[in-house]
Amino acid sequence: MNSLVFDSDDLSLTEEFLSRAYARLRIGHSGADGIRTRMCRDAMQSVTVDELDFNYEMSYAVAPLGKLTICAVHEGTIADNTFHGVKDTYGPGDIAVLAPPEQPYSGRVCSARYNVTMMDTHLLNQVADAESSGAPVRLTGHRPHSPSAAQQLKLLITHLRDQVLCDPVLREEPLIVSAGSQMLAASVLAAFPHSARTDAAAQDRNDAHSLTLRRALAYIDDHAEEPITVADIAAAAHVTIRALQYAFRRHLDTTPTAHLRWVRLGHAHRELRAADPGTGVTVTGIAARWGFHQPSRFAAAYRAAYGVLPSRTLHT
């Protein structure tokens, strides 16, 4: 987990740096004077968000990155981005997958400012059922299926970058890292066509019984302080993610993720009651430890549950 900044007018240094930051690559340059490359990376485990700015035209050819790589263009153009069977161009407002994790790709950056979000592919399996064959969940298209889905994904990436990744304390909190990664994976699956099953199988409905719920609740209670995923909870209950979701909806009218947040809110409440503010303990610190990275939202959820602000509990 780290951040880095690069700013150079040297093309050879840029090629060397980008090869280290991504994968082995070659870059070409149009020959204009006054070139400058800027990049700022914020990262946490399994996810990085890079802001890049090229004031010149540059061609690129990149080896497979082994990660899901999503590009959102702010200014300029990413032209002729090409991988197996696909050649496309992206302009301001576009968001797209640059290439599948296992494939090389090439294209041209034309005086562009954009961000690149990279995530480990296993994150998709943490929030969606794999196909019955057991194959990993894969994206089946490189562009979002609707403008609204694209916009939601861009907003989520901006939120992660500005609210979590840029904060060296928050991006080291395991529960916040886990929740942020799962939120990103869910948003990616909501935005792009993919191979995960979205319909409910008869077996899933049959498995959504009270025993499944009891197993899931017990696992959440025992592991709430750990960065567990929906896939972990489903595995502990011996059912698919879809069956787990149906069980929570049928018996509690909620979701596994929402219930996990509620349990963690309870832990934060007990920790606030037991804490001594004279030792330097803060509401923000306790909230972050239990996976709540936005103080205002934590305060609102806490007040809805306990009738007072968390600061009052801490100082009572």
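Small disclaimer: the values here were computed from a predicted structure and weren't measured.
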- Should the ring pair F6 and F17 be called parallel, tilted or perpendicular, given that the plane angle runs from 0 to 90° and is split at 30 and 60?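 Taking F17 first and then F6, their aromatic rings lie parallel (interplane angle under 30°).
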- When the ring planes of Y56 and F54 are compared, do they come out parallel, tilted or perpendicular, using 30° and 60° as the limits? perpendicular
Determine yes or no for a side-chain-to-main-chain donor-acceptor pair under 3.5 angstrom, with [X] supplying the side chain and [Y] the backbone.
{"X": "R108", "Y": "A79", "answer": "no"}
{"X": "H159", "Y": "V164", "answer": "no"}
{"X": "Q45", "Y": "S178", "answer": "no"}
{"X": "N81", "Y": "L98", "answer": "yes"}
{"X": "R161", "Y": "V49", "answer": "no"}
{"X": "T316", "Y": "R312", "answer": "yes"}

For [X] against [Y], the heavy-atom pair lying closest together:
{"X": "F192", "Y": "H142", "answer": "CE2-O, 3.3 Å"}
{"X": "T89", "Y": "D80", "answer": "OG1-N, 3.0 Å"}
{"X": "L260", "Y": "A224", "answer": "CD1-CA, 4.3 Å"}
{"X": "R41", "Y": "A21", "answer": "NH2-O, 3.0 Å"}

- Message: Do R249 and Y246 form a cation-pi contact, if we require the NZ or CZ to be under 6.0 Å from the six-membered ring centre and within 45 degrees of the ring's axis?
- Response: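 Yes, a cation-pi geometry.
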- Item | Charged N-O contact under 4.0 Å between R38 and D7 | yes
- How long is the gap from CZ on R138 to NE2 on H194, to the nearest 0.5 Å?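 Nearest 0.5 Å value for the CZ-NE2 distance: 14.0 Å.
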